[in-house]
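Right, one structure below, let's go through it.
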Amino acid sequence: MSAEIVRWGVLGPGSIARAFATGLRSASGARLEAVASRTRERADAFGEQFGVPRRHVGYEALADDPEVDIVYIATPHPFHYENMLLCLERGKPVVCEKPFTINAAQADTVIRTARERGLFAMEGMWTRFFPLMGRLREVFAGGAIGEGVLLQADFGFRGGFDPRGRLFDPALGGGSLLDVGVYPVSLASMLFGRPDRVTGLACMGVTGVDEVAAIALGYPGDRLALLASAVRANTAQDASLTGTEGRVRVESPWWRPSAMTLWSGDEERRIEEPFAGNGFNYEAEEAMRCLREGRTESAVLPLEETLAVMRTMDALRAGWGLRYPGE
C-alpha cells in the first residue's frame, strides 16, 4: 500500500475509541472514514462528533467496507479476539487496543491468522510509540546508565466500584492486570525482553478479579522488574530504571511520557520530549508507515513481543487462580 491517505475504521465507539479518533486528527495522512457499532444511535453519535461519513450497524459491515484500509478495534477486552479475527478474515489489517487478547492462546491464533493472510496487525500499546520512549530506548542501549539491573514501575488508579463494569466483572476481563498492569509489563518487555521467572501477589476483590497486584519478574543477566497495578488505589505512576552506572526516572505519568531525568556518573540531566496531539497519533502513524512500506508488523512492537507479554500475564493469573469465563 502506498496511498497518501490511509482510511481508518473504528470498531466499537466507546471512550477509548473517542480518544483514538481525537489523536487521529493529529496524525499526518490519516482519515477517519468509518465507524461500526451494534446500534444505530451510537454509530451516529460517534459519527456526528468526529465527522465520520460511513456509519455501520454491525461489525461485519465495517469489515466488508471497501473504503476502509485499516481497522482500530476498541471493544472491551474479551471481544478483541473475535473482532480481530473477523477483520483479518475479511482482509482488513488491524490495530487492537491493549490488551491484545484475554490470553496467549487467543493472541497466538490471531497472529497466525494475520501471518497466513499477509496482513498487518499490531497491539495498540500507545505508550510504546511516544517520542520519549524512543529516547529511553536510546539511553538504555547506549550504556549511559551501564548495565540495567532494576526496573520499578507502577500504574494504578481508583475506579468507582461497579460489579458489572468492565474493571470488576470477570466476564469483561476485569481486574488491574489486563487493564493497567499490561503497561508496566510491556515496559519491562521493551527494556529487558522475555522474563524467565514470573511471580506476583494479588488482592482479589469480591467479584473475583485482581484489584491490586504486585509483580516481580526475573530476566537473564540478573535483571529484575518490580511492578504494580491497581484499580482500587491511586499509585505514583512513576517508572525508574537503575543501572550499574546510573539511573533514569520517567516522570509521572510515565505511561503518557514527556520528560525524564538521567543520572549518569556525576551528571544529572532532564530530557524533554513534548508530544503532539493526545499521543494516540503516534501509534496510528506507526501503523500507517508499516502499511505504506508493505510491512505486516511493527519493529517497535513486534507480534512475538505482544505474545510474550500475554504469556507473562497468563503465568501471573495462573498463580492467582484467576480464570475468565470461557477460558
Side-chain angles (χ1 to χ4, degrees), residues 98-100 104 107 123 125 127-130 132-156 176-178 180-202 210 212-230 235-255 257 259-269 271 273 298-320:
K98 59 79 197 164
F100 197 63
E123 180 184 12
M125 172 52 71
T127 300
R128 182 68 63 97
F129 304 97
F130 276 76
L132 191 81
M133 281 292 129
R135 292 293 299 276
L136 178 61
R137 290 190 290 270
E138 292 172 3
V139 165
F140 184 50
I145 63 169
E147 294 293 323
V149 295
L150 178 66
L151 171 69
Q152 296 167 280
D154 65 85
F155 191 168
S176 72
L177 181 64
L178 291 193
V180 288
V182 63
Y183 283 90
V185 172
S186 182
L187 178 66
S189 176
M190 182 185 84
L191 296 169
F192 290 165
R194 184 178 302 182
D196 55 12
R197 290 156 289 162
V198 177
T199 188
L201 296 172
D210 59 299
V212 181
I215 300 162
L217 305 178
Y219 300 83
D222 294 325
R223 293 173 169 175
L224 296 173
L226 301 179
L227 316 173
S229 61
T235 66
Q237 301 181 12
D238 280 333
S240 179
L241 176 63
T242 301
T244 54
E245 305 296 332
R247 64 187 176 93
V248 60
R249 183 179 70 84
V250 183
E251 296 178 6
S252 179
W254 71 264
W255 46 269
M260 62 185 179
T261 301
L262 169 66
W263 291 268
S264 180
D266 296 328
E267 178 190 17
E268 177 180 335
R269 178 162 55 100
I271 300 170
E273 285 286 353
S298 166
V300 180
L301 183 52
L303 292 172
E304 285 301 320
E305 187 178 352
T306 286
L307 181 59
V309 167
M310 294 306 310
R311 285 173 174 156
T312 297
M313 294 195 296
D314 280 1
L316 288 165
R317 287 197 297 115
W320 303 338

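- The side-chain heavy atoms of Phe155 and Pro184, taken from C-beta on, include a pair separated by under 4.5 Å.
- Looking at Trp320, its side chain never comes within 3.5 Å of a backbone N or O of Ala213 through a donor-acceptor pair.
- The heavy-atom pair separating Pro257 from Val250 by the smallest distance is CB-CG1, 3.9 Å.
- Here OG1 of Thr199 is found 8.0 Å from CG of Leu316. Values are rounded to the nearest 0.5 Å.
- We find that Asp314 and Arg317 are joined by a salt bridge, their nearest charged nitrogen and carboxylate oxygen being less than 4.0 Å apart.
- Nearest heavy atoms, Met260 versus Val248: SD-CG2, 3.7 Å.
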*Any chance you could lay out the side chain to side chain donor-acceptor pair (under 3.5 Å) test for Ser240 and Arg247, step after step, and finish with the verdict?*
CA-CA 7 Å; Ser240 179; Arg247 64 187 176 93; 4.5 Å; no
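- A donor and an acceptor atom, one from each side chain of Ser264 and Arg269, are nowhere located under 3.5 Å apart.
- Using the six-membered ring where Trp is involved, Trp254 and Tyr183 have ring planes that are perpendicular, over 60° apart on the 30 and 60° scheme.
- Side-chain atoms of Asp210 come within 3.5 Å of backbone N or O of Ser176 as a donor-acceptor pair.
- Glu147 places a side-chain heavy atom less than 4.5 Å from the side chain of Arg223.
- Side-chain contact between Ser186 and Thr127 is absent, with no heavy atoms from C-beta onward closer than 4.5 Å.
- With values rounded to the nearest 0.5 angstrom, Ile215 atom CD1 is found 5.5 Å from Leu227 atom CG.
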### Message
If you apply the rule side-chain contact (heavy atoms from CB on, under 4.5 Å), what do you find for Glu251 with Thr261, and how did you get there?
### Response
CA-CA 8 Å; Glu251 296 178 6; Thr261 301; 3.9 Å; yes
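- With values rounded to the nearest 0.5 angstrom, Glu273 atom CD is found 11.5 Å from Leu136 atom CG.
- The shortest side-chain heavy-atom distance between Met133 and Leu187 falls under the 4.5 Å cut-off.
- Under 4.0 Å is where a charged nitrogen must lie from a carboxylate oxygen, and between Glu305 and Arg194 no such pair does.
- Contact annotation: the side chain of Gln152 never approaches that of Asp238 to less than 4.5 Å [non-hydrogen atoms, C-beta and beyond].
- Between the Arg197 side chain and the Tyr219 main chain, a donor and an acceptor come within less than 3.5 Å of each other.
- Remark: Thr312 OG1 to Leu307 CG distance equals 9.5 Å, nearest 0.5 Å.
- Looking at every heavy atom in both residues, Pro99 comes nearest to Met310 through CB-SD, 4.5 Å.
- Between Leu301 and Arg128, the shortest heavy-atom contact is CD1-NH1, 3.5 Å.
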Walk me through it: do Arg135 and Ile271 pass the test side-chain contact (heavy atoms from CB on, under 4.5 Å)?
-> CA-CA 9 Å; Arg135 292 293 299 276; Ile271 300 170; 3.4 Å; yes
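- Counting heavy atoms of neighbouring residues, nucleotides and ligands inside a 6.0 Å radius, atom CG of Asp196 exceeds 12 of them.
- Scanning both residues, Glu123 and Val182, for their nearest heavy atoms gives OE2-CG2, 4.2 Å.
- When each of Leu150, Leu224, Leu241, Val149 is tested with Phe192 by the rule side-chain contact (heavy atoms from CB on, under 4.5 Å), just one qualifies, namely Leu241.
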Handout entry: Full working for side-chain contact (heavy atoms from CB on, under 4.5 Å) between Glu268 and Leu262
Key = CA-CA 6 Å; Glu268 177 180 335; Leu262 169 66; over 6 Å; no
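- No donor-acceptor distance shorter than 3.5 angstrom exists from the side chain of Ser229 to the backbone of Val180, with no hydrogens or angles considered.
- When all heavy atoms of Val212 and Ala230 are compared, the pair lying nearest together is CG2-CB, 4.1 Å.
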Q.
Under the criterion side-chain contact (heavy atoms from CB on, under 4.5 Å), I'd like the reasoning laid out for Trp255 against Gln237: C-alpha separation, chi angles, the key distance, then a yes or no.
A. CA-CA 8 Å; Trp255 46 269; Gln237 301 181 12; 2.8 Å; yes
